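Keep in mind that what you see is a predicted model, and the values were worked out from it rather than measured.
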Amino acid sequence: HNMALWQLYPRLHRVVYNEEHVVGSILLNPSFETAIASSDWSSGGSPTVSYVTTTLMHGRAIQLVSGGAASNLEQDLVDRVEKRGEKSYTFGGLVRATAADVARIQFTDGVTTTSHAFHSGVDQWEWQEITVTPAATMDKVRAICLVAANGTAQFDHMYMLVSTSPLRSRYDIGTTMRDGPHAL
């Protein structure tokens with residue numbers, strides 16, 4: 001089978017399987033597959049963070065966040081992106097809560113904080129996503145998984161995409177690449 005693929009190249013392309021929902025996320029440990037380390041997600045407001053392997057939506061684990069005061073998991077991305085205003089950022093993921101107005105995602109650029117509506121409180125996973133073009137005077141790029149005071153929520157499969165105007169982007173494809181990519 002593999003020999004046939006090589007002989008038919010480049011007319012027959014090799015199938016590539018990818019289980020990730022989003023390719024190109026700049027978040028570290030976006031699906032919380034490993035326990036949270038200070039190098040990827042940090043916490044604000046002294047939450048209790050649990051590495052849960054039940055009620056999964058994607059992968060092997062999720063993060064359960066709870067706290068007496070409003071608390072969150074956050075990741076600063078400014079060291080992984082250029083601070084330019086013509087970029088837009090899309091932050092999203094899955095959120096689960098059993099009470100309304102307890103959990104949501106947020107994005108802050110140090111000037112403005114943009115929030116998704118709170119989870120409905122129905123005991124199921126809800127998809128949340130926000131797209132933001134930050135202020136020209138931005139000083140940070142931060143993804144936030146927020147849990148309101150006395151609340152408990154679960155987060156899984158988070159992602160952050162950075163996009164620029166297609167007219168300003170260029171990607172060259174080598175002509176001798178055997179395994180692709182063959183087109184964009």
Should Phe91 and Ile144 count as side-chain neighbours, where that means a heavy-atom distance under 4.5 Å?
-> no
Is the backbone N or O of Gln124 less than 3.5 Å from a side-chain atom of His119, with the two atoms forming a donor-acceptor pair by type?
-> yes
Beyond-backbone contact of Met138 with Tyr89, side-chain heavy atoms, under 4.5 angstrom = yes
Could you tell me which non-hydrogen atom of Glu126 sits nearest to which non-hydrogen atom of Gly121, and how far apart they are?
-> OE2-N, 4.4 Å
Can you find a pair of side-chain heavy atoms, one from Thr152 and one from Val147, that are under 4.5 Å apart?
-> no
Find out if a path of hydrophobic residues (ILVMFWY) with successive side-chain heavy-atom gaps under 4.5 Å connects Val95 to Phe118.
-> no
Same cluster (ILVMFWY, side-chain, under 4.5 Å), Val141 and Ile130 | yes
If you look at every heavy atom in Ser120 and Ala100, which pair is closest and at what distance?
-> O-CB, 3.2 Å
Out of curiosity, does Leu27 fall in the hydrophobic cluster containing Val132 (side-chain heavy atoms, cut-off under 4.5 Å, transitive links)?
-> yes
Without swapping roles, check the side chain of Gln128 against the backbone of Ile105 for a donor-acceptor pair under 3.5 Å.
-> yes
Using the side-chain contact (heavy atoms from CB on, under 4.5 Å) rule, pick out the option among Val111, Asp109, Thr114 that qualifies with Pro134.
-> Asp109
Smallest heavy-atom separation, Trp127 atom then Tyr159 atom, equals CZ2-CE2, 3.3 Å
Report yes or no: does Glu74 contribute a side-chain atom to a donor-acceptor pair with the main-chain N or O of Gly44 at less than 3.5 Å?
-> no
Could you pull out the closest heavy-atom pair between Ile26 and Leu77, with the gap in Å?
-> O-CD2, 3.7 Å
Once you round to the nearest 0.5 Å, how far does CG of Leu28 lie from CD of Gln75?
-> 4.5 Å
Look up atom CD in Gln154 and atom CG in Asp123, then write down how far apart they are to the nearest 0.5 Å.
-> 8.0 Å
Minimum heavy-atom distance between Ala117 and Arg104, given as atom pair plus value = O-CB, 3.7 Å
So do Met160 and Phe107 actually touch side chain to side chain, heavy atoms under 4.5 Å?
-> yes
If you round to the nearest 0.5 Å, how far is CG of Leu73 from OG of Ser42?
-> 8.0 Å
Taking all non-hydrogen atoms of both residues into account, name the closest pair between Ser115 and Gln106 and its distance.
-> OG-NE2, 2.7 Å
Quick one: does Trp41's side chain have a donor or acceptor within less than 3.5 Å of a partner on Pro30's backbone?
-> no
